[in-house]
Structures are given as structure tokens and as C-alpha cells.
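Each remark here refers to the structure printed beneath this line.
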Number of protein chains: 2
Amino acid sequence: MTGTRRKLIEGTIEVLRTRGIAGTSARAIANAAGVNQALAFYHFGTVDNLVDVACRESTAELLSHYHDRFLSVTSLRELLTLGRELNVTQRDAGNVTVLAQVLAGAQQDGSLASAARHSLGLWVAEIEAVLHRVLADSPVLELASAGDLAQAVAATFIGVELYEGVEPDAAARVLDTFETLSVLAEVLDDLGPVARRALRARLRRHRRPAVG
Amino acid sequence: MTGTRRKLIEGTIEVLRTRGIAGTSARAIANAAGVNQALAFYHFGTVDNLVDVACRESTAELLSHYHDRFLSVTSLRELLTLGRELNVTQRDAGNVTVLAQVLAGAQQDGSLASAARHSLGLWVAEIEAVLHRVLADSPVLELASAGDLAQAVAATFIGVELYEGVEPDAAARVLDTFETLSVLAEVLDDLGPVARRALRARLRRHRRPAVG
DNA sequence: GTCTATAGAGGGATAGAC
DNA sequence: GTCTATCCCTCTATAGAC
């Protein structure tokens with residue numbers, strides 16, 4: 001690890017953020033990293049592999065940096081507030097944008113798909129742990145598992161990040177909207193035992209009767 | 001309109017779907033369209049402009065094709081069922097994938113951003129009309145406007161489409177999860193006037209006290 | 001480990017014949 | 001409107017000097 005590896009990885013993140021997956025090349029990366037272009041191939045073999053490694057490390061680092069914040073979340077609303085903070089704070093650092101770009105490239109490239117799957121898995125695991133803790137006594141978990149909900153949250157966050165690139169205000173409003181909707185979950189949690197039993201019965205009746 | 005224009009537009013859609021925004025070039029498009037490469041520039045000036053036009057027309061055509069289906073939706077759950085049908089039916093046609101790819105490219109390219117904004121606007125308008133009708137008497141609209149909700153739905157759908165490329169099963173489960181959660185809205189709608197008034201009071205109390 | 005130089009493919013875009 | 005041919009650029013990747 002000469003430092004060149006690090007420079008190349010950080011250069012890759014920067015290029016993915018500023019020029020997108022379509023503009024990510026060995027030359028652009030080397031230029032952003034301030035190293036010779038041939039070194040990308042010496043250290044990582046191919047550009048795809050460099051992007052793969054950079055995506056995994058970037059996600060792992062971001063999540064380890066925020067792990068304590070996730071641990072301190074005690075409600076659905078706080079989770080969404082943390083999501084909004086991540087959105088704002090990481091906008092310039094671009095870590096979430098990077099995942100979105102890799103995900104776009106992953107639709108056609110197996111190597112990128114593997115990186116995206118891995119990074120998304122890290123996000124989902126972190127979110128799932130929070131949901132499991134926060135919704136422990138909530139009727140919401142009778143509707144969907146913490147794992148399924150975590151994937152829904154992750155997918156939504158990716159969509160919001162992409163939306164943000166073309167309609168910044170709208171993206172912020174989407175996060176506000178979800179935060180506001182989370183009040184519904186809080187209301188459910190605050191119901192007394194009687195009302196709650198009635199709700200459960202109602203949910204059972206309403207559950208989708210068939211697959212279609 | 002010689003037919004060549006159409007061929008180029010359809011070729012662009014196909015290339016965006018099969019090779020992604022990073023693999024979309026005049027040569028690839030002309031090859032998919034079965035026409036000469038120079039014609040892309042004769043008819044559209046630049047590749048960016050061709051992608052722009054193709055994205056807009058593809059979205060408009062898809063939505064006009066589904067307009068009656070949107071009109072026939074009478075509940076939140078039906079809207080999500082239609083979303084799932086769109087996801088399955090259009091997976092091969094790839095119209096939604098195209099929008100996701102253009103959206104990824106739009107993060108760095110102004111021309112693509114304009115196309116993505118326009119296409120997303122068409123989607124949001126269609127969804128907003130449905131929500132406005134379907135939620136007319138629902139307490140949900142006291143939490144968020146139909147327009148804000150429509151943007152949230154659109155952003156989520158984009159995220160799901162990208163998720164699908166790396167975890168097909170997970171993406172299907174995300175759509176199921178949202179459909180299941182829509183039961184909550186139905187439960188709210190079915191409340192009697194007394195319980196409803198109580199809920200309203202509760203929501204007012206729970207509304208986020210500050211911006212943070 | 002790092003550099004220069006380059007091969008070889010593919011890219012955007014144009015000129016000019018038809 | 002359509003074609004061929006081409007310019008010039010950028011790309012991945014490698015060879016070989018240091």
C-alpha cells in the first residue's frame with residue numbers, strides 16, 4: 001500500500017461523482033488522483049476492478065463513520081432525519097452518488113453488479129438492524145419484515161439521490177414527505193391495547209387476499 | 001419523418017436498455033437501428049440530443065399507452081399493483097430502465113438532465129392525478145400533498161428499477177412491501193367519523209415540532 | 001513501483017459524392 | 001436523405017526503460 005492505491009481509489013470516487021459512470025476512465029481517474037495513468041492497471045488490473053474496489057471501500061468507510069449514529073436512532077422519524085442528514089452532508093462528498101452511478105452501470109456489467117450488490121447489502125444490514133430495534137413492538141412488523149422494509153428504504157434512498165440531480169428541491173421534499181408519513185407509524189405505536197387489537201383485526205382482514 | 005428518425009429513436013432506447021448510458025454511442029445506436037452512423041448526426045445533430053429526444057418520446061408513448069389504466073385505478077393498493085405490472089411488463093421493453101439510465105447520466109450532463117426532468121414530470125403528473133382522486137377523502141392528504149406524494153412514488157419506483165438490476169428478487173419484494181403497507185392507508189380510510197377525529201388530533205400533536 | 005511511449009480499438013463529428 | 005471515407009480525439013491495456 002504505497003499511498004498510490006489510496007490516491008487511485010479516492011480519484012475514482014471523485015470521478016464517479018463529478019463525471020458519472022459514463023465519464024469514468026483510467027485517464028480521468030489518474031488525473032484526479034494525480035498519478036500516472038498506467039498505475040491504475042498496475043495496481044488494479046482493469047478499470048472495472050478499480051471501480052469495484054473503490055465502491056466497496058467507499059461504502060464501508062461511510063457506514064463505519066456513521067455506525068454510531070445508526071445505533072443512536074430510536075424511532076422511524078429519527079431514521080429519516082438521519083437519512084436527510086446523510087443526503088445533505090454527503091452531497092459534496094458524493095458517497096451515495098457513487099453508489100447510484102455504480103448501480104446504473106451494474107445493470108449491464110457483471111463486475112459492477114457485484115460491487116453494487118455488496119454495497120447495497122452493507123446499507124441494508126445497517127438499516128435492518130435499526131428497524132428491528134425501533135419497530136420491535138410496532139404492529140408495522142406484522143405487515144412486513146425488518147429486512148424487507150430495509151430494502152424498501154435503501155431502494156427509495158437511491159431513487160431520491162438520482163432525483164436530486166435533476167430536481168434538488170423536489171428531492172428534499174420527498175425526504176420531508178417520508179418523514180411526515182412516519183408519523184403514521186408513531187400513531188400506531190401509541191395506540192392503547194384495545195385500539196391496537198382492533199387495528200390488528202382490521203389489518204388481517206385487509207391483507208391482500210391473493211397474489212395479484 | 002423518413003422512418004429513419006423512428007429507427008434511430010428506437011435504436012437509442014434499445015442501446016440504453018442493453019448497454020446503459022455508459023455504452024451508448026452513435027455507432028452502437030446506428031447499429032441497433034440498422035442505419036448508417038452518420039445519419040444520427042444528420043437528424044439529431046449530437047448524440048446527447050438524440051438521447052434527449054428518445055427519452056422524452058419513449059416516456060410519452062409509454063404513459064399514453066397506460067393512461068387509461070391510470071384512470072381506472074381506484075385505490076392506493078391498485079396503484080401499487082399497476083406499478084408492479086409496469087415493472088414486470090416493461091422489464092423487457094425497458095422504458096423505465098431507460099429513464100433510470102438517463103437519470104444517472106443527468107447527474108453530470110445538462111442536456112440529459114433536461115430530458116430526465118421532463119420525463120419525470122410526465123410520470124409525476126400522471127401519478128399525482130391518481131393520488132388526488134384516490135385519496136380525496138383520506139386523512140393522508142393532511143400529512144402530505146398529492147404532488148409531494150407523487151414525487152415520492154416516482155423516486156421510489158426509479159430506485160426499485162435500479163435495485164432490480166442487481167437483486168431481482170429483492171426488487172420484487174420491495175414492491176410487495178409497499179403494496180402491503182398501503183393497507184395502512186386503507187385502514188385509515190375505513191375509520192368511522194369518531195375514530196377519525198381522534199386520529200386527526202393525534203396527527204396534529206405528532207406533527208414534527210421543528211424543521212430538524 | 002513508476003515512468004514514457006505506443007498499439008489498437010472505438011468514439012464524435014464532418015466533408016463530399018451520390 | 002443517404003452513403004463512404006476520414007479527421008482527430010479518447011479509450012484500455014501493454015511493453016519496456018528507469
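Quick note on labels: first sequence line is chain A, next is B, and so on, each numbered from 1.
Across all strands shown, A:Ala38 has heavy atoms under 4.0 Å from base atoms, whether or not it also approaches the sugar-phosphate. Using a 4.0 Å heavy-atom distance criterion, B:Ala26 is classed as a sugar-phosphate-only contact.
Side-chain N/O atoms of B:Ser25 include one lying less than 4.0 angstrom from OP1 or OP2 on C:dG11. Put simply, B:Thr4 has a side-chain N or O that comes within less than 4.0 Å of OP1 or OP2 on D:dT2.
With rounding to whole Å, B:Gln37 atom CD is found 11 Å from D:dT6 atom C1'. If you measure from atom NE2 of B:His43 to atom P of C:dA13, you get 16 Å, rounded to the nearest angstrom. B:Ile29 has its CD1 atom 11 Å from the P atom of C:dA13, to the nearest Å. Atom CG of A:Leu8 is separated from atom P of D:dA13 by 14 Å (rounded to the nearest Å). In this structure, B:Leu39 places its CG atom 13 Å from C1' of C:dT14, rounding to the nearest Å. Atoms CZ (A:Arg6) and P (C:dG1) sit 15 Å apart, rounded to a whole Å. Rounded to whole Å, the distance from OH on A:Tyr42 to P on D:dA15 is 15 Å. Rounding to whole angstrom units, CG of residue A:Asn36 and P of D:dC11 are separated by 14 Å.
Ion pairing between a basic and an acidic side chain is recognised when a charged N comes within 4.0 Å of a carboxylate O; A:Arg77 and A:Glu186 show such pairing.
Checking side-chain atoms of B:Glu14 against main-chain N and O of B:Ala93 turns up no donor-acceptor pair under 3.5 Å. Of the possible donor and acceptor atoms, none in the side chain of A:Glu57 sits under 3.5 Å from a partner among the backbone N and O of A:Ile9.
Nearest-nucleotide positions on DNA chain D place B:Arg27 closer to the 5' end than the other of A:Thr46 and B:Arg27.
Using the six-membered ring where Trp is involved, B:Trp123 and B:Phe70 have ring planes that are perpendicular, over 60° apart on the 30 and 60° scheme.
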